[in-house]
Asker: 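Before we start, here is the structure in question, set down as structure tokens.
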2 protein chains.
Amino acid sequence: MATAQKTFENLPDEKRERVLSEATREFADHGYHQASVNRIVGRLGIAKGSLFKYFGNKQGLFEYLFGHAVSQFKRPLKEIRDTPSGDFFERMYMSLMAGVDFIDAHPLIYRIYLKMLFQENFPMRETFLTEVRQASTKYLRALIADGKESGQLRNDLDPEMAVFHCNAIMDRFLQSYAMPSLDGDTLSDKADRTTIETKARAVTEFIRHGLGNPS
Amino acid sequence: MATAQKTFENLPDEKRERVLSEATREFADHGYHQASVNRIVGRLGIAKGSLFKYFGNKQGLFEYLFGHAVSQFKRPLKEIRDTPSGDFFERMYMSLMAGVDFIDAHPLIYRIYLKMLFQENFPMRETFLTEVRQASTKYLRALIADGKESGQLRNDLDPEMAVFHCNAIMDRFLQSYAMPSLDGDTLSDKADRTTIETKARAVTEFIRHGLGNPS
DNA sequence: GGTAATGGTGACCAGGTGGTCACTTTTGTA
DNA sequence: TACAAAAGTGACCACCTGGTCACCATTACC
């Protein structure tokens with residue numbers, strides 16, 4: 001497999017990106033099983049054999065493409081966690097907007113991720129999702145522990161439920177942003193950045209009331 | 001089509017239920033496109049032609065099965081809304097538990113619904129989802145308006161965002177209940193009813209802090 | 001110019017899909 | 001018992017799928 005991918009990596013940048021982007025679009029539109037290799041090569045105008053030389057098989061193509069994209073997702077979150085700024089709610093807001101930025105940059109990848117969430121039979125699903133889940137939980141736990149210590153969050157807070165609430169609200173916010181049909185018009189207009197920021201602030205305030213110290 | 005379904009409705013109850021339950025399982029396990037009519041009839045031990053006599057085609061089977069289940073879902077929610085009890089948060093709690101009960105009664109149907117949410121190409125998807133969404137939004141808007149009037153909710157609350165927050169928290173709660181893998185161990189043990197009730201109470205309290213009047 | 005390595009091709013394959021229909025079996029009725 | 005209506009059957013169909021591989025084209029190197 002390493003040799004086969006080598007072939008792909010030797011390709012001119014332009015072609016490599018075209019292949020990846022067309023394949024990503026196909027998976028985002030149809031999920032894994034319903035995605036068609038024939039359609040991909042058809043749109044690319046290359047022979048089917050080429051794709052199989054590059055990636056071995058359909059699953060190889062998917063794993064390459066998805067793994068590539070995931071690595072880009074981890075960086076911005078780490079930056080936020082490592083930011084020395086102590087304000088819990090500001091960090092929440094920044095995490096929200098980091099998600100928005102990621103979706104803007106890779107809308108198709110995010111759609112694939114959403115499908116993966118609820119459609120059991122993706123390749124690598126279990127492996128990948130547990131990784132994401134653990135990372136996100138660990139990230140939020142650290143932030144919440146921080147917030148409690150600094151007195152920004154209630155003392156009687158159950159950390160596990162707090163993680164659950166933050167996860168729920170943040171995920172749904174991003175889901176609505178990526179798929180406006182989920183919540184009607186509440187988050188519909190992608191183009192208007194300031195509207196999104198306002199909504200993100202409102203969500204942050206909701207969390208502040210829900211978790212914050214009423215002092 | 002009406003004549004064809006007549007044939008199915010004339011069947012002995014036991015067989016009719018077996019057909020429906022086996023088909024439901026197949027769709028819940030594999031989604032719509034990946035579901036196989038061959039597997040269904042194989043497990044049922046009947047000829048393929050029979051299924052097509054009953055429902056015309058694959059989509060007919062799915063619509064029949066899903067529409068049937070959906071009608072059962074609307075009843076309990078209506079009961080809660082029509083309950084004269086005025087307490088907003090108690091109603092939230094009851095809605096949560098009504099969802100839990102529905103999932104316990106029809107776990108496969110709920111899994112199909114979740115797949116439908118994020119996998120665009122189900123038949124009837126748009127029609128059905130907008131119906132659900134509008135119903136749920138309308139339901140929550142009424143409850144929230146009620147809660148504001150009675151002074152249980154803040155005056156400065158933006159109703160649309162409040163609807164969004166309630167929807168987000170409640171949906172995620174039910175999703176975690178139906179698919180424990182979503183939130184790690186937070187809601188894992190289905191068997192323990194009192195644990196679920198406690199979590200539902202905690203969620204209600206979170207909403208109370210987030211939306212409630214701090215008086 | 002010769003030659004080897006690499007990239008690219010598309011007809012072809014086995015297997016699965018939803019769907020059909022001429023046919024047989026069972027049932028209800030008089 | 002006779003006959004019609006309804007239920008049930010499974011071989012068959014066209015189509016699409018992921019995947020293969022013998023062959024061709026292009027490039028790089030001496």
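Within every chain, numbering begins at 1; the chains are lettered A, B, ... in the order of the sequence lines, protein sequences first and strands thereafter. When reading the values below, keep in mind they use all heavy atoms of this one structure, side chains included, and skip hydrogens, waters and symmetry mates.
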Asker: Tell me the interatomic distance from B/K15, atom NZ, to D/dT9, atom C1', rounded to whole angstroms.
Answerer: 11 Å

Asker: How long is the gap from CE on B/M116 to CG on B/N121, to the nearest 0.5 Å?
Answerer: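 Between atom CE of B/M116 and atom CG of B/N121 there are 10.5 Å.
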
Asker: Rounded off to whole Å, could you give me the CG-to-P distance for the A/L61 and D/dG19 pair?
Answerer: 10 Å

Asker: Establish, with yes or no, whether the OP1 or OP2 oxygen of D/dA7 is under 4.0 angstrom from a side-chain nitrogen or oxygen of B/T7.
Answerer: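 Checking B/T7 against D/dA7: at least one side-chain N or O falls below 4.0 Å of OP1 or OP2.
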
Asker: Do B/K53 side-chain and D/dG8 base share a donor-acceptor contact under 3.5 Å?
Answerer: yes

Asker: Take the protein atom CG of B/L51 and the nucleotide atom P of C/dC21, then report the distance between them rounded to whole Å.
Answerer: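 Distance check: B/L51 CG to C/dC21 P gives 17 Å.
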
Asker: For B/F8 and B/Y64, what are the C-alpha separation, side-chain angles and deciding distance, and is it a ring pair (Phe, Tyr, Trp, His ring centres under 6.0 Å)?
Answerer: CA-CA 11 Å; B/F8 179 68; B/Y64 182 90; 5.5 Å; yes

Asker: So if I take every side-chain heavy atom of B/Y54 and compare against C/dG18, D/dG8, C/dG7, which nucleotide ends up nearest?
Answerer: D/dG8

Asker: To the closest 0.5 Å, what do you measure between CD (B/E197) and OH (B/Y93)?
Answerer: 4.0 Å

Asker: Can you sort out which residues in residues 32-40 of chain A have a heavy atom within less than 4.0 Å of DNA chain C? Ascending by number, please.
Answerer: none

Asker: Could you work out which one of D/dA7, C/dG8, D/dG18 sits closest to the side chain of A/K48?
Answerer: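 For the A/K48 side chain, the nearest candidate turns out to be D/dG18.
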
Asker: Under 30°, 30 to 60°, or over 60°: which ring-plane class applies to B/F62 and B/Y32, parallel, tilted or perpendicular?
Answerer: perpendicular

Asker: Counting only side-chain heavy atoms from C-beta out, which of C/dG19, C/dT9, D/dG19 sits nearest to A/K58?
Answerer: D/dG19

Asker: Show the atom names and distances, to 0.1 Å, of all donor-acceptor pairs under 3.5 Å that link a side chain in residues 11-21 of chain B to residues at least two apart or in another chain.
Answerer:
unit_1	atom_1	unit_2	atom_2	d
B/R16	NH1	B/E9	O	3.3
B/R16	NH1	B/L11	O	3.4
B/R18	NH2	B/L44	O	2.9

Asker: Rounded to the nearest 0.5 Å, how far apart are CG of B/L129 and CD of B/Q134?
Answerer: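 Answer rounded to 0.5 Å: 11.0 Å.
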
Asker: Whole angstrom is fine here: how far is it from CG in B/N57 over to C1' in C/dT17?
Answerer: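 In whole Å, C/dT17 C1' and B/N57 CG are 14 Å from each other.
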
Asker: Start with the C-alpha distance between B/N167 and B/Y139, add both sets of side-chain angles, then the distance that settles side-chain hydrogen bond (donor to acceptor under 3.5 Å, both in side chains), and finish with yes or no.
Answerer: CA-CA 10 Å; B/N167 247 330; B/Y139 170 76; over 6 Å; no

Asker: Rounding to an integer number of Å, can you tell me how far A/L11 CG sits from D/dT27 C1'?
Answerer: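 So the CG-C1' distance, A/L11 to D/dT27, works out to 14 Å.
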
Asker: Over how many whole Å does the gap from B/H30 atom NE2 to C/dT17 atom C1' extend?
Answerer: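 One finds 14 Å between C1' of C/dT17 and NE2 of B/H30, rounded.
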
Asker: Between P on C/dG8 and CG on A/L44, what's the gap in Å once rounded to a whole number?
Answerer: 12 Å

Asker: Between D/dG18, C/dG7, C/dG10, spot the one nearest the side chain of A/A47, thanks.
Answerer: C/dG10

Asker: Report yes if a side-chain nitrogen or oxygen of B/S50 is closer than 4.0 Å to either non-bridging phosphate oxygen (OP1 or OP2) of D/dT9; otherwise report no.
Answerer: yes

Asker: Output the rounded distance in Å from CZ (B/F62) to P (C/dG18).
Answerer: 14 Å

